Amino acid sequence: MRKLLCPQCKVPTLYVKNAQGERRSVYVTDDYRVVPRNEGESLEGFDLDTVYCMGCSWSGSPRRLVLR
């Protein structure tokens, strides 16, 4: 399993948001699964269709992320 990277700044640190605006730190695997960065956290109620980069202003679909 490899982590996908932001297409703009090439960092793997991403997050998702829920309806209340709360953020959850995640990474996306090479098979496009959104996985919580911290073990035991749930992504229930979070929008997994849009990921946000912590390194720059990019946001978009997990399918737009890249490998190295």
Side-chain angles (χ1 to χ4, degrees):
M1 170 194 72
R2 295 171 52 186
K3 295 177 184 173
L4 296 177
L5 308 174
C6 169
Q8 186 168 299
C9 71
K10 307 298 189 263
V11 299
T13 51
L14 306 165
Y15 65 92
V16 291
K17 291 194 235 180
N18 65 11
Q20 292 78 33
E22 298 170 323
R23 297 177 177 189
R24 180 74 35 99
S25 182
V26 298
Y27 62 88
V28 179
T29 64
D30 55 1
D31 61 350
Y32 303 105
R33 284 185 304 122
V34 179
V35 179
R37 193 166 286 285
N38 299 318
E39 192 173 319
E41 287 185 338
S42 170
L43 295 178
E44 186 174 332
F46 285 83
D47 176 13
L48 304 182
D49 294 327
T50 303
V51 293
Y52 301 85
C53 179
M54 288 188 189
C56 69
S57 61
W58 184 87
S59 65
S61 168
R63 296 228 172 240
R64 293 187 55 212
L65 297 172
V66 298
L67 288 171
R68 285 190 188 246

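Values below: every heavy atom of this structure, side chains too, minus hydrogens, waters and symmetry copies. Throughout, residue positions are numbered sequentially from 1 according to the sequence presented. Just so it is clear, the model here is predicted, and its values are computed rather than measured.
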Residues clustered with Val66, ILVMFWY side-chain links under 4.5 angstrom: Leu5

Hey, could you give me the CE/OG distance between Met54 and Ser25, rounded to the nearest 0.5 Å? 3.5 Å

Take a 6.0 Å sphere around CZ of Arg37 and say whether it holds more than 12 heavy atoms from other residues, nucleotides or ligands. yes

Report the hydrophobic cluster partners of Tyr27, with the cluster defined as I, L, V, M, F, W, Y residues connected by side-chain heavy atoms closer than 4.5 angstrom, directly or transitively. Met1, Val35

For Glu22, which residues count as a salt bridge (charged side-chain N to carboxylate O under 4.0 Å, His left out) partner, sequence neighbours excluded? none

What pairs of residues pass the side-chain hydrogen bond (donor to acceptor under 3.5 Å, both in side chains) test when at least one of them lies in residues 51-68, not counting sequence neighbours? none

List the atom pairs, donor and acceptor, that lie under 3.5 Å between side-chain atoms in residues 42-49 and the rest of the protein, sequence neighbours left out.
residue, atom, partner, partner atom, Å
Ser42, OG, Glu44, N, 3.0
Asp47, OD1, Asp49, N, 2.9

Would you call Tyr32 and Leu4 a side-chain contact if the rule is heavy atoms closer than 4.5 Å? yes

Can you see which heavy atom on Val28 is nearest to which on Pro62, and at what distance? CG1-CB, 4.1 Å

Take atom CD in Gln20; do more than 12 heavy atoms of anything else shown fall under 6.0 Å from it? yes

Using a 3.5 Å cut-off and no angle test, enumerate the donor-acceptor pairs between side-chain atoms of residues 8-17 and protein atoms at least two apart in sequence or in another chain.
residue, atom, partner, partner atom, Å
Lys10, NZ, Pro7, O, 2.7
Tyr15, OH, Arg23, NH2, 3.4

Between the CG atom in Leu65 and the NZ atom in Lys3, the distance rounded to the nearest 0.5 Å is 13.0 Å

